There are 2 protein chains.
Amino acid sequence: MRLSTRGEYGVKAMIDLALHYGEGPIALKSVAERQFISEHYLEQLIASLRKAGLVTSVRGAQGGYELARPPGEITVGDVVRVLEGPIAPVECVDESQEFSNCTHSESCVTRIVWKRLRDSITQVLDSTTLADLSAEARKMQAREAPPMYYI
Amino acid sequence: MRLSTRGEYGVKAMIDLALHYGEGPIALKSVAERQFISEHYLEQLIASLRKAGLVTSVRGAQGGYELARPPGEITVGDVVRVLEGPIAPVECVDESQEFSNCTHSESCVTRIVWKRLRDSITQVLDSTTLADLSAEARKMQAREAPPMYYI
DNA sequence: TTAATCCCGACTAATTTAATTGGAATTCTT
DNA sequence: AAGAATTCCAATTAAATTAGTCGGGATTAA
């Protein structure tokens, strides 16, 4: 029940982009540095996110990446699905499969829990947007660096 | 976000044992056959479940395994934790770790979703007992083989 | 005594993960 | 026009994990 680093890093990077949304293209190098992720590895991940239409890119010097939509319109579920594949604790409750592909009737019993689990996972991931999380990030930053009161 | 076959098979096997609870020890071979699982592989899984105190074993001919407690007192979460390890979508929200081990403050933002996700996963897994699932299994069986009405 | 069963440890092939490497193409700045 | 900064792309790789297999020892009911 673990995400791989693809999902983990991908969400971090997307929040980073959300925090800079509206500032024009952000270089991947700077994202990688702030989030302590290998730049080359992050390149692979963002390539998937670009192909999936979640980010846009600008090539050349001063280029970089931007969210393709406002942070409020991209959910963690969107990002995780691109980087980790369809959300399904076991194959037979894969959300992208229409038909039940249980080969054995016994499986159908366990299928009940796995479906409930899948739905509860998607509920959380699909109801959390990048805007929600960057708002939290800003709150935290405020707490970390409190206002200074001069005499 | 996938369970390995350890968790998947383990839950199947435990439901099988739940369906035979009270009948004395059940040979692993029969469980493996009913659930279409390699017996040798299942042996490894049940060894973990035995060491964790979820099943008891009886050696020798006519031996086998039984649930250590009534099906209503064993949850899917119990089984999954033994076979898959602590429930945590990412390491930094590992339920078995007391302290926050986020090395980077940035992580703390994503941590919010992962915690919510973890809690929603545990909520589902810990609220479903083997008794719940074997009740469902019996319902299904009844539907599969409906009563015959003679003229 | 024999067959059925649990118990144990070592081995393995395939797959996945988490990168690394090296370079080509594009574009801004000077 | 040159150079630097960047995205884009494909191939390679080492380590870990997964999903078993294999072979045999110990225990016990019949």
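Keep in mind that this is a model prediction, so the values were computed, not measured. Order of the sequence lines fixes the chain letters, A, B, ..., with proteins taken first and strands second; residue numbering starts at 1 for each chain.
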Nearest-0.5 Å distance, OG of residue A:Ser30 to CD of residue A:Glu39: 9.0 Å
Show your working on side-chain hydrogen bond (donor to acceptor under 3.5 Å, both in side chains) between B:Thr129 and B:Asp132 and close with a plain yes or no. CA-CA 5 Å; B:Thr129 70; B:Asp132 297 334; 3.3 Å; yes
Return the value, rounded to whole Å, for the distance between atom CG of A:Leu42 and atom C1' of C:dT20. 15 Å
Contact summary for A:Ser4 and A:Glu84, nearest pair of heavy atoms: OG-OE2, 2.8 Å
Interatomic distance, B:Glu8 CD vs D:dG20 P [rounded to whole Å]: 10 Å
Tell me whether the OP1 or OP2 atom of D:dT21 has a side-chain N or O from B:Ser38 closer than 4.0 Å. yes
Protein-nucleotides 4-8 of chain D N/O pairs under 3.5 Å:
residue: D:dA5; atom: N3; partner: A:Ala61; partner atom: N; Å: 3.3
residue: D:dT7; atom: OP1; partner: A:Leu28; partner atom: N; Å: 2.8
residue: D:dT7; atom: O2; partner: A:Arg59; partner atom: NH2; Å: 3.1
residue: D:dC8; atom: OP1; partner: A:Ser57; partner atom: OG; Å: 2.4
residue: D:dC8; atom: OP2; partner: A:Arg50; partner atom: NE; Å: 3.2
residue: D:dC8; atom: OP2; partner: A:Tyr65; partner atom: OH; Å: 2.6
residue: D:dC8; atom: N4; partner: A:Glu43; partner atom: OE1; Å: 3.3
residue: D:dC8; atom: N4; partner: A:Glu43; partner atom: OE2; Å: 3.0

Which atom names give the shortest non-hydrogen contact between A:Thr56 and A:Ala68, and what distance separates them? CG2-CB, 4.0 Å
Partner of B:Leu125 by side chain to side chain contact (heavy atoms under 4.5 Å, CB included), out of B:Val80, B:Asp78, B:Val11: B:Val80
Could you give the CZ-to-P distance, from A:Arg2 to D:dT18, as a whole number of Å? 11 Å
For C:dA18 and A:Tyr9 - does any side-chain N or O of the residue sit under 4.0 Å from the phosphate oxygens OP1/OP2? no
B:Leu45 CG to C:dC6 P: how many Å, rounded? 14 Å
For A:Ser4 and C:dA18, is the shortest distance between a side-chain N/O and OP1 or OP2 below 4.0 Å? yes
Any side-chain donor near an acceptor of the partner, B:Thr5 and B:Tyr41, under 3.5 Å: yes
Please produce a list of atom pairs where a protein N or O lies less than 3.5 Å from an N or O of nucleotides 10-16 of chain C.
none

Heavy-atom closest contact (B:Ser57 atom, B:Arg50 atom, distance): OG-CD, 3.4 Å
Decide whether B:Val31 and B:Tyr21 are clustered together by the hydrophobic rule: side chain heavy atoms of Ile, Leu, Val, Met, Phe, Trp, Tyr closer than 4.5 Å, transitively. yes
